Amino acid sequence: MPAVVLVGAQWGDEGKGKATDLLGDRVDYVVRYQGGNNAGHTVVIGDKKFALHLLPSGILTPGCIPVIGNGVVVDLEVLFREIDGLNEKGVDTSKLLISANAHIITPYHVTVDKVSERFLGKRAIGTTGRGIGPTYGDKIGRLGIRVQDLFDESILTQKVEGALHQKNELLVKVYNRAAVKTSDVVEHLLSFAERLRPMVADTSLVLNNALDEGKTVLLEGGQGTLLDVDHGTYPFVTSSSPISGGATTGSGIGPTKISGVIGILKAYTTRVGAGPFPTELFDEWGEYLRKQGGEVGTTTGRERRCGWFDAPIARYATRINGLTDIFLTKLDVLSGIKEIPVCVAYEVDGKRVDEVPVSQTDFHHAKPMYEMFPGWEEDITSVTSFEELPQNAQDYVLALEKMSGTRISAIGVGPDRNATLVRHEML
């Protein structure tokens, strides 16, 4: 059975946790393939709300094996705090597997992240300050600490010492901070080693064997397409590749084993942090979407910037990821709006542009060109099929489907786990 990738098709926070949870009882493995605890998923099950930052959403589904892939950067303190929190709520976390090749976020990565962001001043990226970027920087610079290093104290000490030789020069001479002691970092990391050991595996081998045995693997990205380090609104992006291409490198599963890519789109648009956002609203409608949609970051606690649906971005995500299906979330948030604007193109220097501009300058100055769609007054949170939706809601979905360039196979109509309409099977 081939693997399926689940990606955010905007700037993240699209509701990937709900989608993963919906599909979770039909898959054998759910794999987080990039990012770290700078991402977040909120899943509502009955009267319980689960906020996941590092763990794959599949950890909430009995029988599903959750995997943290080699492309993820792991803060061990956050990992075990999250595991303990789920255990207290009765969630079984014993099946969790972690790649031996995943990189570790150390305390000095967090320090460097925070001080360097402050140092940028007005040019700050808007990072979460959790050490994600510096950890990926060390990975690419071949100064990283991997999970497997925790089981060889000599190797760990050598690697930390090598990394700090550079970091301490930066901290002391540029940022006027105290130098970090190698022994303190090694002691901190080794304190997690024995608890971590049973979870560590060659996850690429495990996953490929599972696929050869006919099992189903769901690959779950954090953040979203427009935050991809190569294809996002650079430099206001994350430090990894959330797009579908990142699923292969971040999991060790070859591209020929991937059969489908599901993109998650909100029925409107949000983003957190700095960077261009053509449809952003600064009026009462922006506040309306923020309040109705509960638009506060799961990980950061920051209020999200809100705007209307952006069709060029949806088309861009379809192209970059090779989307085969779209899961449209939070359609219910639009209930009660008399007319709903949708950005169908941009105006750049007085000319109509139908696709996302390749130039950062053009995208920053792009003005949305809107088409208006009649809204609906009805509460749709209890609707169980697409045909039961108000006609205007159906027309809105079909219009977004046409503009996005691929089929909308599922629709979220409420925060609850079961508040989802399925038009086409995605697995």
Side-chain angles (χ1 to χ4, degrees), residues 3-8 16-17 20-21 24 27-41 43 50-61 64-87 91-106 109 128 130-132 135-136 138-139 144-151 189 192-211 215 217-223 238-242 246-253 298-299:
V4 174
V5 184
L6 190 73
V7 299
K16 293 181 291 295
T20 306
D21 189 58
V27 301
D28 300 293
Y29 293 80
V30 174
V31 185
R32 177 79 182 277
Y33 61 81
Q34 52 74 228
N37 56 303
N38 57 340
H41 302 313
V43 179
F50 298 89
L52 305 176
H53 305 280
L54 185 57
L55 295 171
S57 300
I59 202 161
L60 299 174
T61 303
C64 180
I65 297 176
V67 178
I68 292 177
N70 58 273
V72 178
V73 291
V74 183
D75 185 319
L76 295 172
E77 191 171 342
V78 171
L79 173 70
F80 288 119
R81 186 164 63 239
E82 193 165 329
I83 287 173
D84 290 341
L86 290 179
N87 289 342
V91 177
D92 178 16
T93 60
S94 63
K95 294 182 179 180
L96 176 66
L97 297 178
I98 302 173
S99 171
N101 290 337
H103 279 246
I104 299 293
I105 300 172
T106 71
H109 288 125
T128 58
R130 286 164 167 79
I132 310 298
T135 306
Y136 276 115
D138 275 3
K139 176 180 178 177
I145 311 299
R146 299 194 293 179
V147 165
Q148 59 180 278
D149 297 330
L150 270 65
F151 309 120
L189 296 178
F192 301 104
E194 291 313 307
R195 188 176 180 189
L196 184 68
R197 191 185 294 273
M199 307 174 186
V200 179
D202 181 348
T203 53
S204 172
L205 179 62
V206 170
L207 294 171
N208 278 280
N209 285 344
L211 290 168
K215 295 180 179 178
V217 174
L218 183 65
L219 298 154
E220 172 190 75
Q223 292 94 24
T238 193
S239 302
S240 58
S241 295
T248 61
T249 55
S251 67
I253 294 175
T298 304
T299 295

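Numbers here are sequence positions counted from 1. It should be emphasised that the depicted structure is a prediction, and the values quoted were computed from it without experimental measurement.
- Closest heavy-atom contact between Arg32 and Gly36: NH2-O, 2.9 Å.
- Proximity of a side-chain donor or acceptor of Gln34 to a complementary backbone N or O of Ala247 within less than 3.5 Å is not detected.
- Note that CG of Asn87 and OG1 of Thr93 are 3.5 Å apart. Values are rounded to the nearest 0.5 Å.
- Asp138 and His109 share a donor-acceptor pair across their side chains, judged by distance under 3.5 Å alone.
- With a 4.5 Å cut-off on side-chain heavy atoms, Leu79 and Leu196 count as touching.
- In this view, Ser241 satisfies the side chain to side chain donor-acceptor pair (under 3.5 Å) rule with no residue, not counting sequence neighbours.
- When every heavy atom of Val7 is checked against every heavy atom of Val5, the shortest pair comes out as CG1-CG1, 3.6 Å.
- Listed by chain and residue number, nothing satisfies the side chain to side chain donor-acceptor pair (under 3.5 Å) test with Ser251 (two or more places apart in sequence, or in another chain).
- Atom CD1 of Ile98 is separated from atom CG of Leu55 by 8.0 Å, given to the nearest 0.5 angstrom.
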Show which side-chain atoms of residues 68-77 pair as donor or acceptor with protein atoms under 3.5 Å away, not counting sequence neighbours.
from	atom 1	to	atom 2	distance (Å)
Asn70	ND2	Thr249	O	2.8
Asp75	OD1	Glu77	N	3.1
Asp75	OD1	Val78	N	3.2

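- The backbone N or O of Leu54 sits less than 3.5 Å from a side-chain atom of Glu82, completing a donor-acceptor pair.
- Taking the salt bridge (Lys or Arg N to Asp or Glu O under 4.0 Å) definition, one finds that Asp28 meets it with nothing, sequence neighbours left out.
- Between Gly35 and Ser240, the shortest heavy-atom distance links the atoms N-OG, 3.6 Å.
- Closest of all the heavy-atom pairs between Ile65 and Lys95 is CG2-O, 3.5 Å.
- Heavy atoms only, all atoms of each residue included: Thr238 and Pro242 are closest at CG2-CG, 3.9 Å.
- Residues Val91 and Ile83 have side chains not in contact (no heavy-atom distance under 4.5 Å, counting atoms from C-beta outward).
- Not counting sequence neighbours, Arg81 has no partner by the side chain to side chain donor-acceptor pair (under 3.5 Å) test.
- Within the model, atoms CZ of Phe151 and CD of Glu194 stand 7.5 Å from one another, a figure rounded to the nearest 0.5 Å.
- Taking the side chain as every heavy atom from C-beta outward, Leu6 and Tyr33 never approach each other to under 4.5 Å.
- Atoms CG and CD1, from Leu219 and Ile253 in turn, are 4.5 Å apart once rounded to the nearest 0.5 Å.
- Side-chain atoms of Lys215 do not come within 3.5 Å of backbone N or O of Leu207 as any donor-acceptor pair.
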Practice problem: Evaluate the criterion side chain to side chain contact (heavy atoms under 4.5 Å, CB included) for residue pair Ile104 and Thr135; output intermediate values, then yes/no. | Solution: CA-CA 7 Å; Ile104 299 293; Thr135 306; over 6 Å; no
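- Nearest heavy-atom pair, Ser57 versus Leu52, reported as atom, atom and distance to 0.1 Å: CA-CD1, 3.5 Å.
- For the side chain to side chain donor-acceptor pair (under 3.5 Å) test, residues two or more places apart in sequence or in another chain that qualify with Asp92 are Ser94.
- Using a 4.5 Å heavy-atom cutoff, the side chains of Val67 and Val206 are not in contact.
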